[in-house]
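Okay, so here's the structure we're looking at.
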Amino acid sequence: MTQRFSFDLHATDGKARTGAISTPRGVIRTPAFMPVGTAATVKAMLPESVAATGADILLGNTYHLMLRPTAERIARLGGLHKFMNWDKPILTDSGGFQVMSLAGLRKLTEEGVTFKSHIDGSRHHLSPERSMEIQALLGSDIVMCFDECPALPADRDRIKSSMDLSMRWAQRSRDAFGDRPGHALFGIQQGGLEQDLREESAQALQAIGFDGYAVGGLAVGEGQEAMFGVLDYAPDQLPVDKPRYLMGVGKPDDIVGAVKRGIDMMDCVLPSRSGRTGQAFTRHGVVNIKNARHQDDPRPLDEACTCPACRGYSRAYLHHVFRANEMISGMLLTWHNLHYFQQIMAGMRDAISAGTFAAWEADFHALRAQGDI
Ligand SMILES: CNc1nc2c(CC[C@H]3O[C@@H](OC)[C@H](O)[C@@H]3O)c3nc(N)[nH]c(=O)c3cc2[nH]1
């Protein structure tokens, strides 16, 4: 097992790439989808179940864990991996996004952000330095810079000033991260939907130097067409030999379109959050299992799926346990969705290796009916 962090590209097909990120805690096959484990748990899943879906890495959040149970307590208990019983790699987000979307009474200055906890109203502070300290206490393998992600739509001046602040915070994140062999620090590109500002951001990040580069500031309401418009150029603005991470994405077709445009890593709450609300993603489209038309259906969600939900249960049963609000409902559908998302990633990795990505993508879209199935 390596003691270093490194990224190796194995094959490309068009702009799509497949490779591997080596870390002291294990290898991450790319393109990779990261299940979100916000509060030290991928909701409704045991860690061994998350691993069984094919996930090589999961995501934690600075904002949530600093509020509860606090990073200091997790550190005293041996770090986040031990605390949540996951010994593979963990990437932690830096908290900036969540502070702007969750916390109350925020005050943002050059120094950082003070805010009130959405849990108990207590006052807290985040800055590049404090975010790096928290992520070090957690012991995460991939650390994200502390940034500001502006809500869209926003005028160009707002995007520009926010991006400039994030670049100053990226330098402070780099300085505070220090030298941590085997741990990586990723920069986050900002710049909204402005190609020149994204170029400026990419140049600023490369001048600082990071182990990986995230495309930030997307999946914030701009819509798929605008997001793809940015992804048509943004990955090429970033170093070819480092992992490219698209934050907060997405639906299956978003994920395929992002990999097609050169993205290596993604995270999204969609498969787990939707699983808990009864929305199943399948190769033929979305199944809203609470719909009455499933109540007598003896078929599995997806005949071709090998996950425990599809191997052991009918749509009728899944409909029943959701209607009855039984705990197994969210467990089974979350497992299915995470399994299906990992199947998409594995399919793309194989197709890129074989040089058949275009055919794989055509098949992916051909199988999907529009709307509910
Ligand atoms: C959903 N769209 C989206 N999420 C985003 C996140 C949070 C992801 C994290 O926040 C939570 O999802 C809302 C999950 O825990 C996830 O790991 C971002 N985080 C940072 N630091 N900078 C960004 O520019 C950014 C952009 C995003 N767009």
Side-chain angles (χ1 to χ4, degrees), residues 32-43 50 55 57-68 80 84 89-103 108 112-113 118 126-128 130-132 134-135 138 140 142-152 154 158-159 162-163 165-167 169-170 172-173 185-194 197-198 201-202 205 210 212-224 226-227 230-231 234 238 244-251 254-255 258 263 265-274 276 338 341:
F33 179 81
M34 300 183 281
V36 173
T38 292
T41 160
V42 177
K43 291 177 172 53
V50 175
I57 178 172
L58 59 77
L59 195 136
N61 273 299
T62 293
Y63 171 78
H64 296 79
L65 294 172
M66 72 183 280
L67 298 183
R68 184 174 56 188
L80 184 56
M84 69 181 290
I90 295 176
L91 179 149
T92 46
D93 197 5
S94 53
F97 182 88
Q98 280 80 24
V99 164
M100 305 320 275
S101 55
L102 286 173
L108 187 144
V113 189
H118 73 285
L126 264 179
S127 63
R130 177 63 177 143
S131 180
M132 293 303 110
I134 289 170
Q135 295 181 75
L138 297 174
S140 61
I142 302 178
V143 168
M144 300 308 292
C145 277
F146 186 68
D147 65 332
E148 192 206 12
C149 170
L152 294 182
R158 165 85 180 98
I159 297 290
S162 174
M163 185 272 284
L165 174 65
S166 286
M167 296 305 101
W169 283 358
R172 284 170 52 190
S173 297
L185 178 65
F186 279 23
I188 305 176
Q189 184 199 44
Q190 295 292 350
L193 309 180
E194 311 289 330
L197 296 183
R198 285 218 170 251
S201 179
L205 293 176
F210 291 100
Y213 294 82
V215 177
L218 293 178
V220 287
E222 73 279 0
Q224 185 183 78
M227 180 175 77
V230 172
L231 294 179
L238 302 171
R244 298 153 174 175
Y245 163 27
L246 175 59
M247 304 189 83
V249 174
K251 301 191 304 306
D254 295 333
I255 288 171
I263 292 296
M265 303 163 71
M266 279 157 285
D267 86 274
C268 192
V269 295
L270 185 66
S272 37
R273 184 175 293 170
S274 299
R276 296 195 300 280
L338 290 176
F341 273 51

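One-based numbering, in listed order, for ligands and for the atoms of each.
For ligand 1, the atoms sitting less than 4.0 Å from at least one non-hydrogen atom of Val36 are 14 (C), 15 (O), numbered in the order shown with element in parentheses. For ligand 1 and Ile188, the ligand atoms under 4.0 Å from any heavy atom of the residue are 21 (N). Listed by atom number, the atoms of ligand 1 under 4.0 Å from Gly217 heavy atoms are 23 (C), 24 (O), 26 (C). Taking a cut-off of under 4.0 Å to the non-hydrogen atoms of Thr38, the atoms of ligand 1 that pass are 15 (O). Interface atoms of ligand 1 facing Asp147, defined by a heavy-atom separation under 4.0 Å, are 20 (C), 21 (N), 22 (N), 23 (C), 24 (O). Every atom of ligand 1 is numbered from 1 in the order shown, and the set under 4.0 Å from a heavy atom of Cys149 is 23 (C), 24 (O), 26 (C). Residue contact check: Gly216 has heavy atoms under 4.0 Å from atoms 24 (O) of ligand 1.
Nearest protein heavy-atom neighbour of atom 19 (N) of ligand 1: Asp93 OD2, 2.9 Å. The protein non-hydrogen atom at the shortest distance from atom 2 (N) of ligand 1 is Ala219 O, 2.8 Å. Nearest non-hydrogen protein atom to atom 1 (C) of ligand 1 is Gly248 O, 3.5 Å. When hydrogens are left out, the protein atom nearest atom 12 (O) of ligand 1 is Val269 CG1, 4.0 Å; that is the closest non-hydrogen contact. Atom 9 (C) of ligand 1 has Gln98 NE2, 3.2 Å as its closest protein atom, hydrogens excluded (heavy atom only). Regarding atom 16 (C) of ligand 1, its nearest protein heavy-atom neighbour is Asp267 OD2, 3.1 Å. Looking only at heavy atoms of the protein, atom 28 (N) of ligand 1 is closest to Leu218 O, 2.7 Å.
Only side-chain heavy atoms of Ser94 come within less than 4.0 Å of ligand 1; its backbone N, CA, C and O stay farther off.
Closest of all the heavy-atom pairs between Ile255 and Gly250 is CD1-O, 3.5 Å. Of all heavy-atom pairs spanning Leu80 and Ala40, the tightest one is CD1-CB, 3.8 Å. Nearest heavy-atom pair across Gly248 and Cys268 is O-SG, 3.8 Å.
In summary, the side chains of Tyr245 and Asp267 do present a donor paired with an acceptor at a separation below 3.5 Å, with no hydrogens or angles considered. Side-chain contact, Gln190 with Ser166: no donor N or O sits under 3.5 Å from an acceptor N or O.
Under a 4.0 Å heavy-atom criterion, Gln190 is in contact with ligand 1. Ligand 1 is never approached by Met144 to a heavy-atom distance shorter than 4.0 Å.
Within a 6.0 Å sphere centred on CZ of Arg276, heavy atoms belonging to other residues, nucleotides or ligands number more than 12. Around CZ of Arg68, the count of heavy atoms belonging to other residues, nucleotides or ligands within 6.0 Å does not exceed 12.
For the side chain to side chain contact (heavy atoms under 4.5 Å, CB included) with Met144, the qualifying choice from Thr92, Thr62, Leu91 is Leu91, the only one to do so.
Between Leu231 and Val215, some side-chain heavy-atom pair lies under the 4.5 Å cut-off.
The CE atom of Met266 lies 9.5 Å from the CG atom of Asp254; values are rounded to the nearest 0.5 Å.
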